[in-house]
Amino acid sequence: MKRINTVKELEKVIRNYRDDLVRNTSQDDQEGIALIKVAMATCSIAAGSEKIYQTMSDFVKKRGVHAEISKTGCMGYCYAEPTVEVTLPGREPVVFGNVDENRADEIIESYIKMGDPVPGIIKRDYSTPDQVL
Amino acid sequence: MTNRQLRIALRNCGSINPERIEEYIAGNGYLSLGKVVTGMEPKQAIQLLIDSGLRGRGGAGFPTGLKWLYAMNSEADQKYVVCNADEGDPGAFMDRSILEGDPHSVLEAMAIAGYCIGADKGYIYIRAEYPLAIRRLKIAISQAKESGLLGENIFSSGFSFDIDLKYGAGAFVCGEETALIHSMEGERGEPSLKPPFPAESGYLGMPTNVNNVETLANIPVIFEKGADWFSKIGTEKSKGTKVFALAGKVNNVGLIEVQMGTTLREVIFDIGGGIREGKKFKAVQTGGPSGGCLTEKHLDTPIDYENLVANGSMMGSGGMIVMDEDDCMVSIARFYLEFSVDESCGKCAPCRIGNKRLHELLDRICQGNGTDADLERLRNLGEVIKDTSLCGLGQSSPNPVLSTLDNFFEEFESHVRDKKCPAGVCRDLLEYFILEDNCVGCTACARACPVGAITGERKELHVVNTAICIKCGACMEKCKFDAVVLI
């Protein structure tokens, strides 16, 4: 990454990254891209998330799914590892728990490709700093 | 706000890719550092932190802003910022999760601390057992340096700050800041008497500011949103949120972050989903080996530093272990004490010898050899260890014993007077018994018994002679009819 020399430059970089994110996720037509995040802290990896990440990456590549997959840290749901978060274009993020190979397949085929609900969603019950005025 | 959790320290954890600085930056990352180093005097920035009311999340709850102020006021050519990532409570993983999920927030906060106290060098003291956190920190540091957000002349302000890692070998006592500093210097990880505090004389004898991982993770947000914003969250004396590693007999074991002032009931029953298998809640242990057990009557107590201490426990770093009716509180106290005995560095006698003696007393009680005088001794010895130990480890190690004595005295009495363990955990106090209704007289148990303690005719009820029984459990293993029980 280029060196950031001033606060103004940083603000510009922040805007650019945000625009990229918004462009990717806010459109609900073919242009939009689904974001898949696999929780990969030490504990998630111990629960098998490395394999889930591989499996889902392969599915995305081989089946030509319009999605980007990335690794993230602990989502906090130890009781339901491995956990995967999916954000479809124009929709709220959804977390799936206890993901195995079959469920990974189901998430890709039903939820990401068709937008159909898939069981096993963990209800998000936290606020972020931006939601506290 | 209807959500039960509020994630400030964990705001990015599980949502950004920790190995990409771009994703941290997209959430206003390093903007607080930029604003502080280009637009605020160190004094002004420290005042903001004091006004926010942030207190140390490592356990003791000392006001973070004041700690920075003392380090700023110490005059020296060289000062240091240290991040204490020596997380060691059994069952606690808050700091590891933050470092693995959001390393940049810790780096940014350390740089802000460096600017405020006048340090250009920071160290993260992290245990070698956290290889993934170490790897992600290394990636984060090199990305931040490449972007000019760490290193020389940050934001063209003239302020420079560099961060390196120091590895710990996993001794619990090294979480105590003076022991941590000795370990960093290559000395034995033993605490020393305070004062002098690290803010005056710390790493290599220079003023050093030591903050815990979670404390640091809050700081970029506080500078972004302001002191007023932060101080509105939480209770009168405990501002903000606390991360807990919720474990034990709850349905939803997990990493959670709640506002200070949330009750234990909300944490255990609402967020935690209640006790597993519909069993009855018995106690919750907070503060790890330094904390204590809270019971049913504390369920509606709002969680904050003062309330937990007033009820015989402490905030600690955030381990929260839930127990149900099947847990024996005497054994639990013994478990935590065993940990402290193992981890005592041995420098001072009260902790080295006192905890050992305390542990022996508990052993005796669990084996059915305890007396009423032992219960008295437990309390007296515990108080003496607390009052006379050198550092926080010894001063708090009797807490699990004292708090269980306070809250579960009748369980201790059963062990001592009736020689019974009500929860059915202490093996020495249990006896094998064969249920008449289930026993079919198959003789499997009698054949398995290595000492011939089981007698009975074929197809008739078998009986255990408890005087001979060595409690090996072979009979129970062999029985196919669930006829052998422990009572």
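In what follows, every chain begins at residue 1, and chains take the letters A, B, ... in the order their sequences are listed.
Listed options A245(B), S156(B), S147(B) were ranked by heavy-atom pairs under 4.5 angstrom with chain A; first place goes to S147(B). In terms of heavy-atom pairs under 4.5 angstrom with chain B, the leader among T6(A), T83(A), T128(A), T42(A) is T42(A). Top candidate by heavy-atom pairs under 4.5 Å with chain A, chosen from G29(B), A133(B), G148(B), is G148(B). Most heavy-atom pairs under 4.5 Å with chain A: of the set G101(B), A26(B), S157(B), this distinction falls to A26(B). Each of V95(A), V13(A), N5(A), V38(A) has some count of heavy-atom pairs under 4.5 Å with chain B, and the biggest count is that of N5(A). Annotation: maximal heavy-atom pairing with chain A below 4.5 Å, among K35(B), R11(B), K232(B), E22(B), occurs at E22(B). The greatest number of non-hydrogen atom pairs below 4.5 Å with chain A, out of N252(B), L255(B), I25(B), L132(B), is found for N252(B).
T72(A) places a side-chain N or O within 3.5 Å of a backbone atom of I16(B) that can act as its donor or acceptor partner. A donor-acceptor contact shorter than 3.5 Å links the side chain of K37(A) to the backbone of S15(B).
Residues I8(B) and V132(A) form no side-chain contact, since every pair of their non-hydrogen atoms from C-beta on lies 4.5 Å or further apart. Two residues are said to be in side-chain contact when any heavy atoms from C-beta on lie closer than 4.5 Å; E81(A) and V253(B) fail this criterion. At least one side-chain heavy atom of K225(B) sits less than 4.5 Å from a side-chain heavy atom of D130(A).
In plain terms, the two heavy atoms of F93(B) and C78(A) that are nearest each other are CZ-SG, 3.8 Å. Closest non-hydrogen pair, L31(B) versus V7(A), comes out as CD1-CG1, 4.0 Å. Closest of all the heavy-atom pairs between E100(B) and A41(A) is OE1-CB, 3.1 Å.
From L246(B), atom CG reaches atom OH of Y79(A) across 10.5 Å, with rounding to the nearest 0.5 Å. One finds the CG atom of N153(B) at 6.5 Å from the CZ atom of R3(A) (value rounded to the nearest 0.5 Å). The CZ atom of R136(B) lies 7.5 Å from the NZ atom of K71(A); values are rounded to the nearest 0.5 Å.
Around the CD atom of E41(B), the shell of radius 6.0 Å holds no more than 12 heavy atoms that belong to other residues, nucleotides or ligands.
The part of I233(B) that comes within reach of chain A is its side chain, from C-beta onward, which places non-hydrogen atoms under 4.5 angstrom from that chain. Within the 4.5 angstrom heavy-atom criterion, only backbone atoms of R124(A) (N, CA, C, O) approach chain B. Neither the backbone nor the side chain of L33(B) comes within less than 4.5 Å of any heavy atom in chain A. Neither the backbone nor the side chain of A39(A) comes within contact range of chain B, judged by heavy atoms closer than 4.5 Å. Looking at Y130(B), neither its backbone nor its side chain comes within 4.5 Å of chain A, counting heavy atoms on both sides. N28(B) touches chain A through backbone and side chain together, each having a heavy atom under 4.5 Å away. Within the 4.5 angstrom heavy-atom criterion, only backbone atoms of K2(A) (N, CA, C, O) approach chain B.
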Exercise. Could you go through the side chain to side chain contact (heavy atoms under 4.5 Å, CB included) check for R96(B) and C74(A) one step at a time?
Key: CA-CA 9 Å; R96(B) 176 175 60 73; C74(A) 167; over 6 Å; no
Quiz item: Are F155(B) and I4(A) close enough, and set up right, to give a side chain to side chain contact (heavy atoms under 4.5 Å, CB included), and what steps lead you there?
Solution: CA-CA 7 Å; F155(B) 291 108; I4(A) 296 167; 4.2 Å; yes
